[in-house]
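In what follows, a structure is listed as structure tokens, so that the remarks can point back to it.
Counting from 1, the numbers follow the sequence of the chain as shown.
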Amino acid sequence: MSEKVTNKVKEVAREDFGQAKELAKDAIRSAAYLYPFKGIVFFFANRTLWKPLAAKLVPTVSLGLGVTVFMFAVTYVPQAALLTIFNGPLAIFTTVLLVLSEASTIFSVLSKNFLIDDALVDTFDGTLLCRKLNTLVQNERQVKSGSDPVGKLGKLVSKPFAKFTPAAIVRYFMYLPLNFIPIVGTVLFVILQGRKFGPTAHARYFQLKQMKKQEKDQFIEKRKAAYASFGVPAVLLELVPIAGIFFAFTNTVGAALWAADMETDQRSGGSSTAPNLRNQAERARKEL
């Protein structure tokens with residue numbers, strides 16, 4: 001009996017390891033991890049995309065600085081003392097990552113709900129107009145005539161970015177205990193956060209495509225490895241104190257560039273997921 005149980009455990013472990021290995025391969029092949037960095041390059045190269053950030057820069061940086069300073073002043077010492085029990089000397093570093101993650105989450109909730117939600121929408125749509133995807137943007141907003149992509153953006157039909165849900169907050173605090181595991185736990189925490197971040201970054205794209213919930217879920221499922229690949233570096237960039245606001249905008253640009261590449265592949269007749277990912281990967285490497 002015990003031998004059967006042992007064999008079953010080994011079989012399940014092999015299956016899980018095999019699935020994880022395939023997901024890792026898909027993530028690497030997709031090259032989606034390049035898009036957050038590609039977004040930085042594209043943002044700097046297109047001054048018109050600076051306008052939404054510039055309009056919100058002072059209040060948002062002030063908020064980010066205030067939240068980060070408050071979190072380190074109030075929560076660093078007690079959390080470092082607790083993590084020292086589990087991580088030893090490494091607690092100095094793991095606590096920094098933990099507090100940054102907490103501050104980033106609080107800042108994201110406040111800023112994206114009350115300060116920069118419209119600015120991120122304009123950045124996403126403006127990037128698509130830079131890539132000549134006017135028809136796609138026109139599905140959900142007015143597009144004026146002119147040569148300035150951001151200046152052409154008209155009235156929104158509806159609000160695209162979902163508010164930070166209670167479920168997301170609960171999930172975040174469920175993952176926090178992973179930080180008690182030295183190094184590996186913190187890495188897993190970032191990966192799990194990144195898995196959710198990827199699809200969220202394309203919330204506007206799903207709306208512009210006018211996808212129903214089932215269509216969106218199927219779309220994400222086919223690309224779950226690629227979305228995790230995009231989400232992990234994007235999360236790490238937004239963890240940078242104060243500069244995280246800048247990376248929130250460049251990540252939005254990167255997500256829009258990825259969406260533009262998806263549109264290009266679809267319009268050129270691509271149908272299967274794997275070839276599309278290869279095409280996007282090649283394009284991402286060339287344009288970075």
Side-chain angles (χ1 to χ4, degrees), residues 30 32 35-36 38-39 42-43 45-46 48-53 55-56 112-113 115-165 168 196-224 226-227 230-231 234 248-273 275-277 279-280 283-284 287:
S30 75
Y35 281 99
K38 186 179 173 185
F42 195 87
F43 183 84
N46 292 269
T48 184
L49 296 177
W50 301 2
K51 295 177 183 178
L53 171 60
K56 303 287 186 178
K112 290 182 179 179
N113 279 280
L115 287 178
I116 63 172
D117 51 344
D118 289 340
L120 291 175
V121 173
D122 289 346
T123 301
F124 194 97
D125 291 355
T127 303
L128 293 179
L129 292 184
C130 287
R131 291 290 299 269
K132 312 300 182 186
L133 292 173
N134 296 38
T135 304
L136 180 62
V137 177
Q138 286 172 336
N139 287 338
E140 288 292 332
R141 80 183 304 165
Q142 298 173 355
V143 177
K144 306 172 186 175
S145 59
S147 58
D148 180 359
V150 173
K152 291 165 62 176
L153 296 174
K155 185 178 179 181
L156 287 167
V157 173
S158 57
K159 289 282 186 180
F161 285 97
K163 299 295 184 182
F164 202 83
T165 62
K196 295 298 178 182
F197 187 98
T200 301
H202 266 171
R204 177 59 171 168
Y205 179 52
F206 300 144
Q207 188 180 40
L208 291 174
K209 293 288 288 183
Q210 299 178 334
M211 291 185 183
K212 303 297 182 183
K213 185 181 185 302
Q214 184 177 1
E215 293 176 301
K216 183 180 71 173
D217 291 344
Q218 291 174 349
F219 187 92
I220 293 171
E221 179 63 24
K222 288 180 180 178
R223 298 161 180 81
K224 59 184 178 182
Y227 275 120
F230 175 90
F249 281 84
T250 60
N251 283 339
T252 299
V253 173
L257 293 174
W258 187 14
D261 287 344
M262 289 180 177
E263 286 297 296
T264 301
D265 289 334
Q266 290 173 11
R267 295 178 184 186
S268 65
S271 57
S272 65
T273 301
N276 285 346
L277 289 177
N279 292 338
Q280 292 160 24
R283 188 180 296 109
E287 295 182 8

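Within the model, atoms OG1 of Thr127 and CH2 of Trp258 stand 15.5 Å from one another, a figure rounded to the nearest 0.5 Å. Put simply, OG1 on Thr123 and CD1 on Ile116 are 8.5 Å apart, with the number rounded to the nearest 0.5 Å. How far OG1 of Thr264 is from CG of Leu133: 6.0 Å, rounded to the nearest 0.5 Å. The CG atom of Leu153 sits 12.5 Å away from the CZ atom of Phe124 when rounded to the nearest 0.5 Å.
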For Arg204 and Thr252, run side-chain contact (heavy atoms from CB on, under 4.5 Å): C-alpha distance rounded to whole Å, both residues' side-chain angles, the deciding distance at 0.1 Å, then the answer.
CA-CA 10 Å; Arg204 177 59 171 168; Thr252 299; over 6 Å; no
side-chain contact (heavy atoms from CB on, under 4.5 Å) between Leu49 and Phe249: does it pass, once the steps are laid out?
CA-CA 9 Å; Leu49 296 177; Phe249 281 84; over 6 Å; no
Using the side-chain contact (heavy atoms from CB on, under 4.5 Å) rule, take Asp261 and Lys38 through it: C-alpha gap first, then chi angles, then the decisive distance, then the call.
CA-CA 12 Å; Asp261 287 344; Lys38 186 179 173 185; 3.4 Å; yes
With side-chain contact (heavy atoms from CB on, under 4.5 Å) as the test, would you mind laying out the steps for Phe197 and Tyr227 before giving the verdict?
CA-CA 8 Å; Phe197 187 98; Tyr227 275 120; over 6 Å; no
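Ala32 and Pro36 make their closest contact through O-CD, 3.5 Å (heavy atoms, listed as atom of the first residue, atom of the second, distance). The minimum heavy-atom distance between Cys130 and Phe42, with the atom names listed, is CB-CZ, 3.9 Å. Nearest heavy atoms, Ala201 versus Ala255: O-CB, 3.6 Å. The minimum heavy-atom distance linking Ala234 with Asn251 is given by the pair O-ND2, 3.1 Å. Scanning all heavy atoms of the two residues, the minimum distance from Pro52 to Ala119 falls at CB-O, 3.5 Å.
Not a single side-chain hydrogen bond (donor to acceptor under 3.5 Å, both in side chains) links Asn134 to another residue, sequence neighbours left out. With sequence neighbours left out, the ring pair (Phe, Tyr, Trp, His ring centres under 6.0 Å) criterion links Tyr205 to His202.
For the side-chain contact (heavy atoms from CB on, under 4.5 Å) criterion with Tyr35, the lone passing option out of Val253, Leu257, Thr250 is Leu257.
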Can you list, pair by pair, the side-chain donor-acceptor contacts under 3.5 Å of residues 135-142, counting residues two or more places apart and other chains?
from: Asn139; atom 1: ND2; to: Leu136; atom 2: O; distance (Å): 3.4
from: Asn139; atom 1: ND2; to: Leu208; atom 2: O; distance (Å): 2.9
from: Glu140; atom 1: OE1; to: Ser158; atom 2: OG; distance (Å): 3.3
from: Arg141; atom 1: NE; to: Gly154; atom 2: O; distance (Å): 3.1
from: Arg141; atom 1: NH1; to: Asp122; atom 2: OD1; distance (Å): 3.1
from: Arg141; atom 1: NH1; to: Asp125; atom 2: OD2; distance (Å): 2.9
from: Arg141; atom 1: NH2; to: Asp122; atom 2: OD1; distance (Å): 3.1
from: Arg141; atom 1: NH2; to: Gly154; atom 2: O; distance (Å): 2.8

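Side-chain contact between Lys51 and Asp148: present, with at least one pair of heavy atoms (C-beta onward) separated by less than 4.5 Å.
Using modelled atom types, one side-chain atom of Arg223 and one backbone atom of Phe219 make a donor-acceptor pair closer than 3.5 Å. No side-chain donor-acceptor contact under 3.5 Å links Asn46 to the backbone of Thr48.
Surrounding CD of Gln210 are more than 12 heavy atoms belonging to other residues, nucleotides or ligands, all under 6.0 Å away.
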